[in-house]
Amino acid sequence: MKQTTAALAILLSLASTTAMAVQDNSYQHEAGLNYNGNSEEFGDGIWNANYRYYFKSVDQTKGPYALNGFLAQESNLGANYSNYDALDADIFGIDGTYVFDSKWFVSANYSRIDVGSHDANTYGAEVGYYFNNASSVSAFFNDGDNNIEESYGLKLRSFIALKSTSGVDLSANWTHVDSDDAFNVKADWYINKAWSVGLGYSDNGDDDNFSVSTAYWWRLSDSFSANFGLAKVLDSDVDGVDIGLGLTGRF
């Protein structure tokens, strides 16, 4: 708990640096450090460190900052590490996506999960198509060892640019696991390139929920940004508000 508090203090102090006029330079490297927790037990949250390399430069002037990677439609490689002390859990993952000139793409991922004295390996693949400069559709498959159940499904995502505001990011997912089906739909309205408000709906066959969220991308310098997010499940049985804090570097 003390380590979490100290690390969050450092993260917040860096984010509180007065932002200067910044340039939206293109980038190929993106690295981030994020913390996500619930307001009921904020100290028992999840740390995540991640890195992604794009084979070609990504244009930050194209759409909202949070969507630059998706809108770039470029091949990339990524790695991430997550730690959840409450469950003594560590997760390390790698992934990659190759985008063909025809705008078809293929992706693969691998994760190593350690929870206490138990461990598991997961892997997955995805095939999809960018059917315009801001939309994609894909099919995916995931499996693993040590009682990890296989899953497969479909994804659809589209960003619709608007004249008076930045635009709306729409997404829908269907996942089949064992004999169960789960559906998720979400709409994030970007008031400008940095600020969004969203509404989501999920149904896993046993329970369904609506959620509301907001997020802000604060540009601190040409290379660094602070990220903030809040989300609330609209269910009397779900306590607290999910809070996300992060720093992102783009070079």
Side-chain angles (χ1 to χ4, degrees), residues 34-42 44-48 50 66-67 70 78 80 82-93 95 97 107-116 118-129 135-159 168-189 196-215 229-244 246:
N34 307 287
Y35 182 82
N36 291 276
N38 187 274
S39 59
E40 295 293 292
E41 295 288 346
F42 190 64
D44 292 333
I46 300 173
W47 283 99
N48 174 265
N50 56 82
L67 303 185
F70 168 69
N80 64 86
S82 297
N83 172 263
Y84 185 25
D85 270 345
L87 292 180
D88 190 23
D90 294 281
I91 303 172
F92 171 77
D95 66 86
T97 298
S107 302
N109 64 81
Y110 166 81
S111 293
R112 168 76 177 190
I113 305 171
D114 292 300
V115 182
H118 302 281
D119 60 71
N121 299 284
T122 69
Y123 52 86
E126 184 175 357
V127 178
Y129 179 66
S135 305
S136 68
V137 61
S138 63
F140 64 88
F141 174 83
N142 295 294
D143 204 353
D145 58 15
N146 291 346
N147 299 316
I148 298 293
E149 293 185 338
E150 70 175 36
S151 63
Y152 56 85
L154 300 172
K155 297 179 182 179
L156 177 65
R157 187 175 187 181
S158 184
F159 176 71
V168 179
D169 181 29
L170 302 172
S171 62
N173 300 329
W174 164 68
T175 303
H176 180 83
V177 183
D178 194 13
S179 59
D180 298 321
D181 292 291
F183 300 90
N184 295 275
V185 293
K186 195 171 191 297
D188 288 307
W189 173 38
S196 67
V197 292
L199 177 65
Y201 173 76
S202 63
D203 185 345
N204 63 10
D206 296 322
D207 195 12
D208 65 320
N209 290 296
F210 284 94
S211 63
V212 292
S213 60
T214 187
L230 298 173
K232 172 63 178 175
V233 176
L234 302 179
D235 188 322
S236 59
D237 294 329
V238 180
D239 296 326
V241 175
D242 293 328
I243 302 170

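Both backbone and side-chain heavy atoms feed into the values below; hydrogens, waters and symmetry mates do not.
- Between N209 and the options L234, N204, D235, a side-chain contact (heavy atoms from CB on, under 4.5 Å) holds for only D235.
- For D188, the side chain to side chain donor-acceptor pair (under 3.5 Å) partners two or more places apart in sequence, or in a different chain, are K186.
- A search for side chain to side chain donor-acceptor pair (under 3.5 Å) contacts involving N50 returns N48, not counting sequence neighbours.
- Here the shortest heavy-atom pairing between I91 and S111 reads CG2-CB, 4.5 Å.
- For the atom pair OG of S39 and CG of D242, the computed distance is 7.5 Å after rounding to the nearest 0.5 Å.
- Side-chain contact between I243 and L230 is present, with heavy atoms from C-beta onward closer than 4.5 Å.
- D44 and Y84 make their closest contact through O-CE1, 3.0 Å (heavy atoms, listed as atom of the first residue, atom of the second, distance).
- Atom OH of Y110 and atom CZ of F92 lie 8.5 Å apart (nearest 0.5 Å).
- Remark: D90 pairs with Y81, N83 by the side chain to side chain donor-acceptor pair (under 3.5 Å) rule, at least two apart or across chains.
- Note that OG1 of T214 is 15.5 Å distant from NZ of K232, once rounded to the nearest 0.5 Å.
- Listed for the D178 side chain is no donor-acceptor partner under 3.5 Å among the backbone atoms of D180.
- Take A66 and apply the side chain to side chain contact (heavy atoms under 4.5 Å, CB included) test, not counting sequence neighbours, and it matches Y190, W217.
- With sequence neighbours excluded, the residues that form a side chain to side chain contact (heavy atoms under 4.5 Å, CB included) with N109 are D95, N142.
- Scored by the side chain to side chain contact (heavy atoms under 4.5 Å, CB included) test, E40 finds N38, D239 as partners (sequence neighbours excluded).
- Pairs engaging residues 197-211 under the salt bridge (charged side-chain N to carboxylate O under 4.0 Å, His left out) rule: none recorded [sequence neighbours left out].
- Under the side chain to side chain donor-acceptor pair (under 3.5 Å) criterion, T97 pairs with S107, sequence neighbours left out.
- Within the structure, every pair that satisfies the side chain to side chain donor-acceptor pair (under 3.5 Å) test and touches residues 168-177, not counting sequence neighbours, is listed here: R157-D169, W174-D181, H176-D181.
- Judged as a side chain to side chain contact (heavy atoms under 4.5 Å, CB included), and not counting sequence neighbours, the contacts of A172 are V185.
- Y201 meets the ring pair (Phe, Tyr, Trp, His ring centres under 6.0 Å) test with F210; sequence neighbours excluded.
- Going from atom CZ of F42 over to atom CG of N36 covers 8.0 Å, rounded to the nearest 0.5 Å.
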Under 3.5 Å, side-chain donor or acceptor atoms of residues 144-155 against the rest of the protein: list the pairs with distances, not counting sequence neighbours.
unit_1: D145; atom_1: OD1; unit_2: N121; atom_2: N; d: 2.7
unit_1: D145; atom_1: OD2; unit_2: N121; atom_2: ND2; d: 3.1
unit_1: N146; atom_1: ND2; unit_2: D119; atom_2: O; d: 2.6

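- The shortest non-hydrogen separation linking S202 to N184 is CB-OD1, 3.0 Å.
- Rounding to the nearest 0.5 Å gives a distance of 7.0 Å between OG of S158 and CZ of F70.
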